[in-house]
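First comes the structure, then the notes that go with it.
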Amino acid sequence: MTSSTAAKTRRREAPADRPALLLAWYDRHRRRLPWRAAAGERADPYRVWLSEIMLQQTTVKAVGPYFEKFTSRWPDVSALGRASLDDVLRMWAGLGYYSRARNLHACAVAVLNDHGGIFPDTEDGLRALPGIGPYTAAAIAAIAFDRRTMPVDGNIERVVTRLYAIGEPLPQSKPRIQQMAATLLGPSRAGDEKSRAGDEKSRAGDSAQALMDLGATICTPKKPACSLCPLNEDCAGRARGDQETFPRKAPKKNGMLRRGAAFVVTRGNELLVRSRPEKGLLGGMTEVPGSEWRAGQQDKAALAQAPELKAVARWHRKAGVVSHVFTHFPLELVVYTANVAARTRAPDGMRWVAVATLAGEAFPNLMRKVIAHGLDL
DNA sequence: AACACGTGGAA
DNA sequence: TTTCCAAGTGT
């Protein structure tokens with residue numbers, strides 16, 4: 001047997017201890033984030049939950065100020081559970097995916113009313129709450145309650161598909177990824193008293209956060225810094241040289257451009273607004289009145305679609321359009337402005353709000369753009 | 001299973 | 001400029 005064969009054999013018999021390498025790396029390089037406890041300390045379930053909801057499909061940078069605002073105003077889940085939904089939507093405005101805010105509030109109410117203000121400490125218990133899906137349930141269980149479970153988010157999907165060169169595209173590969181990700185969990189800690197399944201104490205939360213930090217800082221979507229990766233010796237993707245091509249995923253289709261009109265109607269220093277329906281796009285958020293948004297439509301017919309605004313005499317069409325891109329379609333809105341007489345009543349379902357207090361309204365960013373365009377802000 | 005659901009930043 | 005995407009969930 002040659003020495004190189006012997007080395008290969010040895011490696012096969014004693015593979016790198018990836019869970020341990022991962023935790024050792026995490027102990028040196030973990031990111032300091034507002035919702036994370038100090039090393040070795042138990043995280044606050046409320047802060048873990050709040051951060052996990054905010055971080056869904058959202059960058060750490062964008063979440064920072066929102067997390068600060070929320071925790072300052074509502075220091076615990078009971079406080080949030082006693083807040084009004086409107087207040088929560090106003091605080092969430094601008095973060096996107098507004099059903100998260102709705103579910104966040106519903107979840108806080110459920111924890112307060114059904115669980116005495118204490119978060120369930122099991123994955124199943126968490127999973128039953130509004131807005132908590134399989135990822136978030138596992139993340140909270142692992143990070144806040146030391147449950148030995150591995151949440152799989154986008155970062156972990158990327159790291160794992162590269163590590164094992166999983167060529168099957170998402171989402172079909174999800175079960176395989178989940179299975180392989182779980183092998184990166186460290187062993188149960190010794191000295192446990194008997195424990196139920198999945199109840200073993202471990203550093204599961206650290207293992208999960210290690211994988212996320214690795215994905216965020218080293219195993220990045222483009223140009224991964226493999227030379228700095230604690231798992232690089234054993235990475236199948238890197239061995240093949242095509243690590244950047246993982247994870248594979250089906251191409252996404254682009255939505256068609258939709259157009260519509262928005263009406264910025266002022267009455268002195270007040271603006272005419274309404275609330276969107278609770279379900280659907282921008283659900284429950286505040287908007288200025290407008291036409292429907294249709295693919296292929298020009299704006300000619302827009303005014304005709306706003307019968308409740310027929311009374312307005314003088315419309316002024318602002319030059320240019322407001323462009324916005326949603327996940328599934330781009331949007332262009334033309335903006336009409338008008339100023340109406342002092343005691344003009346708001347049409348049914350609409351209300352006047354002071355321009356001075358606009359910043360505190362539950363406007364999604366699209367509406368902030370529209371209003372800024374219409375008011376020349 | 002596939003699609004709806006926001007936004008801003010990076011390359 | 002365009003494309004991709006960032007700690008997913010609900011239906």
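Just so it is clear: chains get the letters A, B, ... in the order the sequence lines come, proteins before strands, and each one is counted from 1.
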*Between CE of Met350(A) and CZ of Arg345(A), what distance do you get to the nearest 0.5 Å?*
14.5 Å
_Using the side-chain heavy atoms of Pro221(A), tell me which of these nucleotides is nearest: dT7(B), dG9(B), dA6(C)._
dA6(C)
*asked:* Which nucleotide wins on minimum distance to the side chain of Asn365(A), given the candidates dG6(B), dG10(C), dT7(B)?
replied: dT7(B)
*Name the nucleic acid region contacted by Val325(A), choosing base, sugar-phosphate or nothing; use a 4.0 angstrom heavy-atom cut-off, strictly under.*
base
*dT7(B) OP1/OP2 closer than 4.0 Å to side-chain N/O of Tyr98(A)*: yes
_For dG6(B) and His324(A) - does any side-chain N or O of the residue sit under 4.0 Å from the phosphate oxygens OP1/OP2?_
no
*For Trp35(A), report the nucleic acid contact type (base, sugar-phosphate, nothing); a contact means any heavy atom under 4.0 Å.*
base
*5'-most contact on DNA chain B: Lys222(A) or Phe329(A), nearest heavy atom basis?*
Phe329(A)
_Applying a 4.0 Å non-hydrogen cut-off, can you work out what Leu95(A) is touching in the nucleic acid: base, sugar-phosphate, or nothing?_
base
*More 5' along DNA chain C: Lys279(A) or Tyr97(A), using each one's nearest nucleotide?*
Tyr97(A)
Atom pairs and distances, donor-acceptor, side-chain atoms in residues 224-231 of chain A, under 3.5 Å, two or more places apart:
none

*Any side-chain N or O of His328(A) under 4.0 Å from OP1/OP2 of dC5(B)?*
yes
*Taking OP1 and OP2 of dT9(C), is either one under 4.0 Å from a side-chain nitrogen or oxygen of Thr136(A)?*
yes
*Whole-Å distance between dG6(B) C1' and Phe363(A) CZ?*
17 Å
_Heavy atoms only, 4.0 Å cut-off, all strands: where does Leu331(A) land among base, sugar-phosphate and nothing?_
nothing
*asked:* Counting the atoms with a prime plus P, OP1 and OP2 as sugar-phosphate, which does Ile156(A) contact under 4.0 Å by heavy atoms, base, sugar-phosphate, or nothing?
replied: nothing
*Gap separating the OG1 atom of Thr217(A) from the CE atom of Met212(A), nearest 0.5 angstrom*: 13.0 Å
*Report which part of the nucleic acid Gly280(A) touches: base, sugar-phosphate, or nothing (heavy-atom distance under 4.0 Å, all strands).*
sugar-phosphate
*Report the residue (Pro171(A) or Thr58(A)) whose heavy-atom-nearest nucleotide on DNA chain B is the more 5′ of the two.*
Pro171(A)
*What does Gly283(A) touch in the nucleic acid at a heavy-atom separation under 4.0 angstrom: a base, only the sugar-phosphate, or nothing?*
nothing
*Checking all strands, does Arg158(A) fall into the base, sugar-phosphate, or nothing category for heavy-atom contacts under 4.0 angstrom?*
sugar-phosphate
*Distance, nearest 0.5 Å, that separates CG of Asp213(A) from NE2 of His29(A)*: 11.0 Å
*How would you label the contact of Pro151(A) with the nucleic acid (heavy atoms, under 4.0 Å): base, sugar-phosphate, or nothing?*
nothing
*What orientation do Trp92(A) and Phe70(A) show, parallel under 30°, tilted 30 to 60°, or perpendicular over 60°?*
perpendicular
*Could you please name the option among dT7(B), dC5(C), dG6(B) that lies closest to any side-chain atom of Lys249(A)?*
dC5(C)
*asked:* Show me the pairs that pass side chain to side chain donor-acceptor pair (under 3.5 Å) and involve residues 106-119 of chain A, at least two apart or across chains.
replied: none
*Length of the CZ-P vector between Arg102(A) and dA4(B), whole Å*: 20 Å
